[in-house]
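Report on one structure; see the data block that follows.
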There are 2 protein chains.
Amino acid sequence: MPQPSAPRKALGRPPRISREEVIETARRIVDTEGVGRLTMRRLAMEIGSTAMALYHHVRNKEELLVLLLDDYAARTLQRPELPAQPRERIVVAAATIHEALAACPWIVEVLTADDLMSTSALWFVEQIVDGLVECGLPPERAVHGYRAIWYYTAGEIVVRTTAARRRTDDDRPTYRERAFAELDPSELPRLAQVADHWAPLTAEDTYLEGLRALVDGLLTPR
Amino acid sequence: MPQPSAPRKALGRPPRISREEVIETARRIVDTEGVGRLTMRRLAMEIGSTAMALYHHVRNKEELLVLLLDDYAARTLQRPELPAQPRERIVVAAATIHEALAACPWIVEVLTADDLMSTSALWFVEQIVDGLVECGLPPERAVHGYRAIWYYTAGEIVVRTTAARRRTDDDRPTYRERAFAELDPSELPRLAQVADHWAPLTAEDTYLEGLRALVDGLLTPR
DNA sequence: GTGAGTTTCTATACATGTAAAGAAAGTAGC
DNA sequence: GCTACTTTCTTTACATGTATAGAAACTCAC
């Protein structure tokens with residue numbers, strides 16, 4: 001990996017492409033043609049290089065996607081006016097991250113990679129942890145609380161967008177549909193009762209309600 | 001796909017392998033050598049067929065993994081004695097699913113695919129929804145509550161196991177580590193304060209606490 | 001039996017991520 | 001200039017999932 005501020009003249013063959021150029025070009029491809037069109041060869045061609053050359057600037061494709069996400073976050077994640085009340089501040093901070101992430105559907109492949117810990121997201125993490133501490137949680141429980149919020153948020157996005165993707169590229173009945181069709185009302189009465197409304201209920205966006213519940217639960221002394 | 005109870009004699013060329021055989025063999029490979037060794041070609045060889053022949057019994061590799069998960073759930077997911085108290089029943093039901101899923105680390109590729117809706121898991125879903133209703137939630141809010149629990153559960157497993165996997169096959173510092181190293185205490189005081197304990201805190205298993213908080217929050221009238 | 005229809009299986013081909021080997025293009029010391 | 005060293009880039013190759021075309025093995029209607 002290149003050293004940005006080498007004290008002396010750079011050693012070795014001078015690079016013809018940079019990590020920034022790779023990321024920028026990748027972003028352009030993703031923006032205009034979707035993440036499905038982003039392949040290493042295609043990206044290399046666009047840059048005027050070879051696929052393997054990219055691997056000197058990016059560890060692998062997954063890292064490239066993480067960098068893209070970082071880049072995306074840095075460009076679009078605005079810091080909103082947060083409410084003064086700490087509990088509400090937590091909710092708004094988490095919801096803002098959630099909204100930003102939900103807006104880029106190609107995120108799933110990356111989201112599972114790690115905590116979302118791009119530099120631009122750290123501020124939101126700070127707000128959440130700080131809010132939890134201000135509400136009376138000791139610091140380590142605040143960190144645990146943040147993690148719970150992150151699990152919930154990441155899970156919502158991953159499950160939801162994958163389900164959506166599956167729906168678009170496949171018409172056959174899903175497991176869920178089959179399972180509900182064969183459902184035995186005497187053994188699973190509640191599910192039988194709501195079976196008809198399951199799909200629409202599931203389609204509703206209830207992220208915020210769940211988030212509020214979670215935050216409330218985290219803050220209620222046990 | 002084959003019709004299990006065809007009224008007349010089966011039409012077409014008689015199959016030489018069955019979906020069951022495919023799944024069983026796949027399971028054996030996964031159990032003995034890990035999911036990384038499960039390739040379509042390898043599986044076909046083991047069965048004594050060709051890779052493409054598998055595609056008549058399984059839609060694609062992802063479906064095969066889903067079927068494997070179903071199979072796994074059907075074999076190992078025991079229905080525990082659930083507490084009578086509904087709130088506690090919800091917690092135990094969710095925790096049981098969580099424990100079962102967390103035990104098979106290859107699950108990540110599948111988990112994001114859909115709700116976990118294998119037939120054997122439906123009973124747990126029933127218990128959760130029923131518990132929420134018994135605690136006073138109207139049915140549609142109970143379904144939303146179940147979804148929140150599922151998001152949290154799936155998110156925990158996905159994030160945690162992917163992080164673990166990444167740690168094993170890569171020694172270089174993660175983004176998180178780098179981000180924390182460069183952290184500016186004047187801008188992000190709370191994070192700076194807990195920076196040293198972040199890694200150990202994150203390593204702790206706090207699924208149950210988070211789950212309890214979430215369930216509590218879902219059940220507190222707003 | 002023959003031909004049509006149906007299902008399963010085989011052979012081949014392709015796109016993709018990336019490993020491995022080594023060539024290319026520079027600097028540093030002499 | 002020459003050699004050693006370092007970094008970047010190119011070439012080639014491979015494993016993998018899966019699309020496509022068509023062969024194979026059956027049943028059925030006649």
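Chain naming here is simple, since letters A, B, ... match the order of the sequence lines and numbering starts at 1 in each.
Checking D:dT11, C:dC9, D:dT18 against every side-chain atom of B:K61, the shortest atom distance belongs to D:dT18. Between C:dT16, D:dC9, C:dA20, one nucleotide has an atom nearer to the side chain of A:M52 than all others, and that is C:dA20. The side chain of A:T50 lies closest to D:dT11 when the candidates are D:dT11, D:dT27, C:dC9. Distances from the side chain of A:P14 to the nucleotides C:dG26, D:dT10, D:dG17 place C:dG26 closest. Minimum atom distance to the side chain of B:T39 is reached by D:dG17, of the listed D:dT7, C:dC9, D:dG17. Which of D:dA25, C:dG17, D:dC9 sits closest to the side chain of A:R41 comes down to C:dG17.
Contact check, B:H56 against C:dT10: no side-chain N or O comes under 4.0 Å of OP1 or OP2. Proximity of B:S49 to the phosphate of C:dT10: a side-chain N or O atom is located under 4.0 Å from OP1 or OP2.
The backbone N or O of B:L201 sits nowhere less than 3.5 Å from a side-chain atom of A:E140 that would complete a donor-acceptor pair.
For residues 21-36 of chain A, proximity to DNA chain D is found at no residue, defined as any non-hydrogen atom under 4.0 angstrom from a strand atom.
The distance from atom CG of A:L65 to atom C1' of C:dT16 is 14 Å, rounded to the nearest whole Å. Protein atom CZ of B:R16 is 7 Å distant from nucleotide atom P of C:dC9, rounded to whole Å. As a whole-Å value, the separation of B:I47 CD1 from C:dT8 C1' is 14 Å. B:N60 places its CG atom 9 Å from the C1' atom of D:dG17, with the value rounded to the nearest Å. Here D:dT7 presents its P atom at 14 Å from CZ of A:R13, a figure rounded to the nearest Å. Taking atom CD of A:E63 as the reference point, atom P of C:dG17 lies 15 Å away to the nearest angstrom. What separates CZ of B:R42 from P of D:dA15 is a distance of 14 Å, to the nearest Å. As a whole-Å value, the separation of A:R19 CZ from D:dC9 P is 14 Å.
A salt bridge does not link B:R28 to B:E33: none of the charged side-chain nitrogens sits closer than 4.0 Å to a carboxylate oxygen. Looking at B:R19 and B:E24, no side-chain N of the basic residue comes within less than 4.0 Å of a carboxylate O on the acidic one, giving no salt bridge.
In this structure, A:L64 reaches neither bases nor backbone, as no heavy-atom distance under 4.0 Å exists between it and the strands shown. Using a 4.0 Å heavy-atom criterion, one finds that B:L54 contacts no nucleic acid atom at all.
A donor atom on one side chain and an acceptor atom on the other are found under 3.5 Å apart for B:E156 and B:H98. Side chains of A:Y207 and A:T153: a donor on one and an acceptor on the other come within 3.5 Å.
Note that the CD1 atom of B:I29 and the CD1 atom of B:I47 stand 7.5 Å from one another [nearest 0.5 Å].
Proximity of the aromatic rings of B:W198 and A:Y146 is defined here by a centroid distance below 6.0 angstrom, and this criterion is met.
Of the residues near DNA chain D, B:M40 and A:G12, the one whose nearest nucleotide (by heavy atom distance) lies more toward the 5' end is A:G12.
By the neighbour-count criterion of 12 heavy atoms within 6.0 Å, atom CD of B:E99 is sparsely surrounded, having that number or fewer from other residues, nucleotides or ligands.
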